[in-house]
Amino acid sequence: MAEINDNLSRPAGTRASRHLVQNEDLLFEVSSPGKRGYQLPDLDVPEAPLAAARADIPDFPELSELEVVRHFTRLSTWNYGVDTGIYPLGSCTMKYNARVNEHVTRIEGLGDGHPLQPESLSRGALRIMRLLSDYLLEITGMDAITLQPAAGAQGELTGILLVRSALAARGDRRRKVLIPDSAHGTNPATAAIAGYQVENLKSNPDGTVDMSSLDRQMTGDVAALMLTNPNTLGIFEEDIHRIADLVHERGGMLYMDGANMNALVGRARPGDFGVDVMHLNLHKTFSTPHGGGGPGAGPVAVKRELEPFLPIPVLTQKATLDYDRPQSIGRVRAFYGNFGMFTRALAYIMANGSDGLKQTTEDAVLNANYIRKKLEGHYTLPFATPSMHEVVFSDAQQAQHGVHTGDIAKRLIDYGFHPYTVSFPLVVRGALMIEPTESANRQEMDEFIAALRAIAEEARTQPELVTGAPYTTKIRRLDEVAAARQPVLRWKPKS
Amino acid sequence: MAEINDNLSRPAGTRASRHLVQNEDLLFEVSSPGKRGYQLPDLDVPEAPLAAARADIPDFPELSELEVVRHFTRLSTWNYGVDTGIYPLGSCTMKYNARVNEHVTRIEGLGDGHPLQPESLSRGALRIMRLLSDYLLEITGMDAITLQPAAGAQGELTGILLVRSALAARGDRRRKVLIPDSAHGTNPATAAIAGYQVENLKSNPDGTVDMSSLDRQMTGDVAALMLTNPNTLGIFEEDIHRIADLVHERGGMLYMDGANMNALVGRARPGDFGVDVMHLNLHKTFSTPHGGGGPGAGPVAVKRELEPFLPIPVLTQKATLDYDRPQSIGRVRAFYGNFGMFTRALAYIMANGSDGLKQTTEDAVLNANYIRKKLEGHYTLPFATPSMHEVVFSDAQQAQHGVHTGDIAKRLIDYGFHPYTVSFPLVVRGALMIEPTESANRQEMDEFIAALRAIAEEARTQPELVTGAPYTTKIRRLDEVAAARQPVLRWKPKS
Amino acid sequence: MLAELGLNSVDVLFDHIPEYCRLQRPLSIPTGRSEAEIIAWFQQAARDNAPGFTSFLGAGAYQHFRPTHLDQLISRGEWFTAYTPYQPEISQGTLQAIFEFQTMICQLTGQEVANAGMYDGSTALLEACMMAARVTGRSGIVVARSVHPQYREVLSTLTKPREFPIAEAGFTPDGRLDLAALKAAVTAETAAVAVQSPNFFGTIEDWEAAAAIAHAQGALLVAVIAEPVSLGLLPAPAAADIVAMELQGFGIPVGFGGPYAGIIASREKFLRSLPGRLVGEARDSDGKRGFVLTLSTREQHIRREKATSNICTNQALCALMASIFMATYGRQGLRELAQQNLSKAAYLASACQKAGLEVLFPAPRFHEFVVRLRRPLAEIEARLHQEKIIPGLSLQRYYPELGNALLVCATETIPRAGLDRLAALLSEV
Amino acid sequence: MLAELGLNSVDVLFDHIPEYCRLQRPLSIPTGRSEAEIIAWFQQAARDNAPGFTSFLGAGAYQHFRPTHLDQLISRGEWFTAYTPYQPEISQGTLQAIFEFQTMICQLTGQEVANAGMYDGSTALLEACMMAARVTGRSGIVVARSVHPQYREVLSTLTKPREFPIAEAGFTPDGRLDLAALKAAVTAETAAVAVQSPNFFGTIEDWEAAAAIAHAQGALLVAVIAEPVSLGLLPAPAAADIVAMELQGFGIPVGFGGPYAGIIASREKFLRSLPGRLVGEARDSDGKRGFVLTLSTREQHIRREKATSNICTNQALCALMASIFMATYGRQGLRELAQQNLSKAAYLASACQKAGLEVLFPAPRFHEFVVRLRRPLAEIEARLHQEKIIPGLSLQRYYPELGNALLVCATETIPRAGLDRLAALLSEV
Ligand SMILES: Cc1ncc(COP(=O)(O)O)c(C=O)c1O
Ligand SMILES: Cc1ncc(COP(=O)(O)O)c(C=O)c1O
């Protein structure tokens, strides 16, 4: 074990070293009575009384400003971000988050603007929303858009509600939504919340929609097919035209989960291949930072028929706010959505421009295919179908030695890389879902490839080395099962 | 050795863990042809020709913006700063660098103001300089000040030139400067550059100025005594009155190195105890960040007699610039000095106020005495004299086991702390010079004390453990001797 | 790289996309612009808003001082360029921060468990009501009319497909929830009773009274809090069963309405019904404490259509801002901050009264109140804008029954002179 | 803690300070103010300068676009809250960055070694001359009158005590160093010949010619460079023996004159005479490459009065800014940047000429030039300030012989319209 810790745990010649980091206890444990990290101006009006004020907030932290800075600095050093290195989390599009996007978002007059200030004093903000909307419409080929949804999943919900209203307007009430088995979990969860029954649609051996199943399942009771394209296997649904036609013929609508739009920008537009409604993830395709799990933004773009139902307020062509929309589904979120993501996404689009956006798409697809080519054979490729912006392998070969995708992921950490997405999509048993994005450079991709090859070799020759990983981290593999069995979800003072 | 690496190297229950960090080669090694990290606006005027333009900058780096961000992010993770933890580098006053100081420095109209813009358009900047000057004069008890010197050492040089000019104005030309053996290296270096012979003044057994030596050496040929007070041993020169009187009686001037002014602010003023001229280090006492080795700022404050000689331009009471100073020594630096440090220091003074400044001094002195008390016995205290803001031990006990101050420092790293100042001041053989500053909190000081006690124990029982340290860092102990023997001071392409 | 793939053009990689799907022209978007031009463009946009105005707008988005270290800390790449901490060994920073966040939310709200965050207050209210429905097996919702109108709109939009019956309970002339009306509205079919405090008018509600009414019918009380700063001084909604809170007031920029962050806190016994992510303590193979995402069998990526919510990406970075804000102010500072807000609004309300304006709703309030204007805001607005003042929010759209009512908010950011000035101007125009 | 020290008051710790030294009253400074008040105070101060003005000032402090990631990176605590890398094992970030910096400076200047930085360009010139004196064993300095006047002032101030004789060499009507005058001034006593290019007037000098004159007498040529951006296009001063350069133009804020950073680069054979810090490659006990401060026997902390300089704290963070700037622009970008500066100034100069103004000095120039005004700047300034324009620097103080001369700088930051506007205004007033 000592040997493993010492040598094998730090594979030579890789990205990874081990270095000193600071331990840091919980805020409550480093707290000491009477400290505070901030000073307010002296109160310049009489102190008002409040009869029923609370006595105290027991055990709430008490730290100096420096202690706060150190605490959150130290914690950050245990994290890994895009700024740290390649972050090939499939389906998440972990691309570079340019600093200028952060900068413009914080400009005075934007970062501190109030959502309810009069329109006459919000011209700049509305112009930003209008221009972003226009660009997104041009990119998707759709007719109208709402920026309101807070993330992809909320975009899905908004989209499905639009479908429901549009069908209702046709006098058509349907009870089901069809979802491929490769879909992201938010798709079925959304459909259920929107009051639909979810029906599973099986993939064919190519990893795409099985047309005969679709033909069978696409009945008059199906409101929509929720399709991801390229799908979560990174495969473009080549039958998209027939799919769309079939759905439309049967009176349904085609919802596109646009999480993978980064494979298409500048090369193909959902509006041109039959999509009725779709969401975008600004935090994926348009580089707004992932922030450790958000915020994101999930604009929903629609074809003309669905436009009357968009959430209020609707941004008009003249960049004013229209609340008078009798057919609207209503609001899906207070105010206008995650405005700070709009500024970032718009800055991203401006910086890239039409040329750069297309190049970005091409680089993302090229990188994924490069990784695919270099890892084929070392890992099992479940589908021979061409890949777009991401590639999904399975751990079939490694599983024979008792090494699974989750183990390989942990071992990748020892090589200095953030793992790929583990065990998704569910249609592939033991999936390794790899999305390099356009941001990965050649040198680091080669190192990443070499690492995964080396791990494949380790899985054969020293499987317990892989299943015991990671070794290089401050905290070793955590027992998630025990954690869930007796959940401890908050700190409590020792009594 | 494996055992050392594994267990002993990471002392349990300390601040230190080891965690994954990224390796990163030199810029030139990660460079690839054709990349660039920045885009300029299109040139909107005709491209002008230049006959004798250079062909190229061979091997200059070529990186994308993300690669630049990753490079400098990764490099930073191998560093240790005040934000990381306690940084008890004696004489350097590594205190908290408040973020608001950074913020105000970058406000539009300040950060981008040009030094040569007309005074009528620089009122705010001049007001900042005036207010800072006034506060520093109040704190030091001196009569006039220049903010121009770029750091402490340049402040010293400025101060000594002022002495030279003032004496010359008295018709008195002297050749020597007297400097205690405990002084910082910049003191003798400065005196030499200012054209003086340096004469060493021995300390007495209390670690302070030996009055009889001073009496003997303070001749009519000595222009100044350069005294640090509290001195570099952290000891206040209790005879300061007699020292000043003696120097003045013999026609010399008393220069005070104010690097340790953080022990006095709000409690004692050099202007009240006979100092004629002194410098301050804004990056020490007034918390401007150390930046990995600067920038600093070294204002020089003087008594009335020296005022006519201050560098031009002189800031008047009305916050205008006076260039008409016939007796001035001239400029010591282009423009007005490190203005960005003035804003930070002023914000620091404003945030603390008279009450906070005094408290800060008290906390700094209290912390140093706490550490002294807790380490006494474990390490040898060469002087029994009371300590102020820092305490100096010697490695006498540890040296018996072949463990020296430099080894103890490296071992401290394994415990998660930045070392103290090693081997300075020179009057103490094997010095450990510890300055916690007011920013160190009790908990971390206790851990630091425990670490130094544990190392004292290790030095006795496992000296080779200490002399082999550090074990926890990415790079182990570096061979500085070999590096100096065959210096490699730049990267070169492999031929 | 193309060569290594045996390709002569990147186009080949797109060949399998059917011809008719492919875009045959460049996007009609200008070509890439430089950073300098982009910054200049946004600066112009910013100037076309209201930089430098003194604003008395609140209504769910509150201006507070944001400590400068807050943005500096979250701007570390390790925070803002990471994603959901799926790989705990290299995400302990985010995980520990969320664990701390959950704890602080519990401490503030008097609840036993809190999740890692929702999108915002409005969607948190929705999720809370759906959770109540899961817990009670009922679907009726009674919501106070003094809950933020936009929150109520969101609730109505997103529950419509599942046909949750929603009833409203009005408010009394003192600006508080009409408890009698509430009592009448709550039935044995009621899953959730949603009450906001301070309510939309800034008035402080009585959690215990509302809880008693809800519990009497077996319904759950959903406490809605749109201004977290109020919890520095106001009693924790410990009587509530679920707390749906907006965190914007805790250091998140007002920023034209988002991104913000919401949370759900509740009782331990309802844990398995909670929506959203949860972080829990765990041990590593050496026995060391660490943190992991836990109880994910509630979530969409495992449970799919049976999940407690469809949420995936939440507002983690905003939650981190809130954590840093809470840690910075701390136990004493938060109280002082709340006290300042209370005092500023009290001063302004009385200044308005002294200036002859009618202040509606006499019940105790936090930092917002309603004042009746002599004329509709639309008629006097221009004059106030000239003075670089945004006086507050007209309630015309949402509460026409209140006439020319203006919702005014005064936080710690407005010095006394600014308060005096507003009172003077409002009485003039 | 006091208790543990057996003290009942912190005052005891100051008791050994003699009574008469102790301050018996509080400092006459206001008590501590809040962050919000401090920010407001500085914002007011900023407004009292010239925010939003278009400025054509250069003269040793140049406005360039600063990539936004630059400030974000240096704001990481690991960079800006660290100090001099005395402990290499926990300072490899700073050390590697300086090693890269030294390399890039060598690549740009065509020199063999470069130090880790000096305070600024003016003090770098001084240090270069003192170094030349050490190397040559002489003390005479000949400096071109077209070297930045403030640099010359600093040189004069700081060499005075050691009585280094300084002679000046004038400039020709084409704006270049008068080589004949230089030749006449350089003697066998001359240690250093200091020449700036682009010189203070923006004119480009001939390094080889100056070097030949210096070397003919055994003196060293000190090349002064006040605008590093010029090196993107201008030939490296490889003929010089020492380069003294200001780095402000490489991403360091103009910021009212500082902090900036200077450097000294030179030939390998003069290495032991270099002032300032140096970082070198080293191996650790496992044979891994690392970096350390090296050759410190030249420095004050080891050598004391025999040190090559008294410098200790230098301008490391500014040097880091320069490194990030250089790495960001890179091999191609730096050239393009220089080309844009060259072109803007050329355009403006010709626009001024077209507008009927006299442009002095016909020799090739970089991004600055001298134009003769019809009236003294003082008479027309107010009008230009009204238009929010700062037209440049009057040369009255430093070069009275040039009459109403104005030094004008045009960098990449000024769009064409701004250039046209200045030319038009200058010809009007
Ligand atoms: C394919 C797909 N669909 C939907 C989502 C949900 O988007 P969000 O996390 O923004 O709610 C994701 C996010 O991971 C995704 O990958
Ligand atoms: C006592 C003392 N004097 C002088 C100096 C020199 O100051 P600076 O580094 O700012 O030039 C120092 C700096 O370390 C010091 O500690």
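Throughout, protein chains are lettered first and strands after them, A, B, ... in sequence-line order, and every chain is numbered starting at 1.
In this structure, the portions of B:Ile240 lying under 4.5 Å from any heavy atom of chain D include both its backbone and its side chain. No part of D:Leu348 comes within reach of chain B, as not one of its non-hydrogen atoms sits under 4.5 angstrom from that chain. In this structure, the portion of D:Leu73 lying under 4.5 Å from any heavy atom of chain B is its side chain and not its backbone. For a residue to count as touching a neighbouring chain, one of its non-hydrogen atoms must lie under 4.5 Å from one of that chain's; by this rule D:Asp120 touches chain B with the side chain only. Only the side chain of D:Tyr347 has a heavy atom closer than 4.5 Å to any heavy atom of chain B. Neither the backbone nor the side chain of D:Ile302 comes within contact range of chain B; no heavy atom of the residue lies under 4.5 Å from a heavy atom of that chain. With a threshold of 4.5 angstrom between heavy atoms, B:Arg106 approaches chain D through side-chain atoms but not through N, CA, C or O. Only the side chain of D:Arg76 has a heavy atom closer than 4.5 Å to any heavy atom of chain B. Heavy atoms closer than 4.5 Å to chain B are found in both the backbone and the side chain of D:Gln44. Only the side chain of D:Phe53 has a heavy atom closer than 4.5 Å to any heavy atom of chain B. For a residue to count as touching a neighbouring chain, one of its non-hydrogen atoms must lie under 4.5 Å from one of that chain's; by this rule D:Thr84 touches chain B with backbone and side chain alike. With a threshold of 4.5 angstrom between heavy atoms, D:Glu412 approaches chain B through side-chain atoms but not through N, CA, C or O. For chain B, the nearby parts of D:Ala82 are the backbone and the side chain; heavy atoms of each come within less than 4.5 Å. D:Leu393 touches chain B through its side chain: at least one heavy atom from C-beta onward sits under 4.5 Å away, while N, CA, C and O do not. Contact annotation for D:His69: only side-chain heavy atoms (C-beta onward) come within less than 4.5 Å of a heavy atom of chain B. Residue contact with chain B, scored on non-hydrogen atoms closer than 4.5 Å, involves the side chain of D:Arg397 exclusively. Proximity to chain D is limited to the side chain of B:Ile413, based on heavy atoms less than 4.5 angstrom apart. Neither the backbone nor the side chain of B:Ala191 comes within less than 4.5 Å of any heavy atom of chain D. Contact of B:Thr421 with chain D is not made at all, since no heavy-atom distance falls under 4.5 Å.
In this structure, B:Val100 and D:Ile39 approach most closely via the heavy-atom pair CG2-CG1, 3.8 Å. Residue B:Thr186 comes nearest to D:Asn310 through the heavy atom pair CG2-O, 3.4 Å, listed as atom of the first residue, atom of the second, then distance. The heavy-atom pair separating D:Gly60 from B:Phe335 by the smallest distance is O-CE1, 3.9 Å. Of all the heavy atoms in B:Gly294 and D:Tyr83, the pair that sits closest is N-CE1, 4.4 Å. The shortest heavy-atom contact between B:Leu366 and D:Leu5 is CD1-CD1, 3.5 Å. B:Leu161 and D:Pro161 get closest at one heavy-atom pair: CD2-CG, 3.3 Å.
Separation of atoms CG (B:Leu27) and CE (D:Met104) is listed at 5.0 Å; rounding is to 0.5 Å. Separating the CG atom in B:Asn187 from the SG atom in D:Cys312 is a distance of 10.5 Å, to the nearest 0.5 Å. Note that CD of D:Glu281 is 12.5 Å distant from CG of B:Asp479, once rounded to the nearest 0.5 Å. Distance check: D:Asn49 CG to B:Ser120 OG gives 10.5 Å after rounding to the nearest 0.5 Å. With rounding to the nearest 0.5 Å, the separation of CZ in D:Arg33 from CE in B:Met350 is 4.5 Å. Summarising the geometry, atom CD belonging to B:Glu24 is positioned 7.0 Å from atom CD belonging to D:Gln96; distances are rounded to the nearest 0.5 Å.
Among the candidates B:Ala153, B:Pro41, B:Gly195, the residue making the largest number of heavy-atom pairs closer than 4.5 Å to chain D is B:Ala153. Of the listed residues (B:Gly109, B:Ala150, B:Pro118, B:Gly291), the one with the most heavy-atom contacts under 4.5 Å to chain D is B:Gly291. Here D:Asp286 is the residue among D:Val113, D:Thr297, D:Asp286 with the most heavy-atom pairs under 4.5 Å with chain B. Contacts with chain D were tallied for B:Lys358, B:Glu138, B:His184, B:Arg123; B:Glu138 has the most, counting heavy-atom pairs under 4.5 Å. The candidate from B:Glu238, B:Met341, B:Glu108 with the greatest count of non-hydrogen atom pairs under 4.5 Å with chain D is B:Glu238. Ranked by heavy-atom pairs under 4.5 Å with chain D, the first of B:Leu63, B:Val365, B:Ile312 is B:Val365. Chosen from B:Ala53, B:Pro311, B:Gly356, B:Ala98, the residue pairing most often with chain D at heavy-atom distances under 4.5 Å is B:Ala53. Highest contact tally toward chain B, considering only D:Ser91, D:Gly258, D:Ser296, D:Ala50, is held by D:Gly258 [criterion: heavy-atom pairs under 4.5 Å]. Of the listed residues (D:Ala345, D:Pro364, D:Gly280), the one with the most heavy-atom contacts under 4.5 Å to chain B is D:Gly280.
If you look at B:His241 and D:Tyr20, their ring centroids are closer than 6.0 Å.
A distance-only check finds a donor-acceptor pair linking the side chain of D:Thr81 to the backbone of B:Asp83 [under 3.5 Å]. Remark: the backbone N or O of B:Ala48 is paired with a side-chain donor or acceptor of D:Gln339 at under 3.5 angstrom. Side chain of B:Arg331 to backbone of D:Ser156: no donor-acceptor contact under 3.5 angstrom is found. Under the 3.5 Å distance criterion, the side-chain polar atoms of B:Ser354 are left unmatched by any main-chain donor or acceptor of D:Ser28. Judged by distance alone, with hydrogens and angles left aside, the side-chain atoms of D:Gln107 form a donor-acceptor pair with the main-chain N or O of B:Asp59 at under 3.5 Å.
Of the charged side-chain nitrogens involved, at least one lies within less than 4.0 Å of a carboxylate oxygen, so that B:Asp44 and D:Lys344 count as a salt-bridged pair.
Under the 3.5 Å distance criterion, with hydrogens and angles disregarded, no donor-acceptor pair is assigned to the side chains of D:Gln332 and B:Lys35. A donor-acceptor contact under 3.5 angstrom links the side chains of B:Asn79 and D:Thr94, judged on distance only. Under 3.5 Å, the side chains of B:His103 and D:Glu35 contain no donor-acceptor pair of N or O atoms.
Applying the ring-ring contact (aromatic ring centres under 6.0 Å, His included) rule to B:His418 yields the partners B:Tyr80, B:Tyr87; only residues at least two apart in sequence or on another chain are considered. By the ring-ring contact (aromatic ring centres under 6.0 Å, His included) test, B:Phe28 pairs with B:Trp491, sequence neighbours left out.
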Please evaluate residues D:Gln340 and B:Leu40 with respect to the criterion side-chain contact (heavy atoms from CB on, under 4.5 Å), reporting the C-alpha separation (whole Å), side-chain torsions for both, the decisive distance (0.1 Å), and the verdict. CA-CA 9 Å; D:Gln340 286 214 358; B:Leu40 285 165; 3.8 Å; yes

May I have the step-by-step check of side-chain contact (heavy atoms from CB on, under 4.5 Å) for D:Gln63 and B:Asp112, ending in yes or no? CA-CA 8 Å; D:Gln63 278 169 47; B:Asp112 56 352; over 6 Å; no

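When each of B:Arg476, B:Arg477, B:Lys410 is tested with D:Glu89 by the rule side-chain hydrogen bond (donor to acceptor under 3.5 Å, both in side chains), just one qualifies, namely B:Lys410.
With contacts defined as side-chain heavy-atom distances shorter than 4.5 Å, the pair B:Thr105/D:Phe42 does not qualify.
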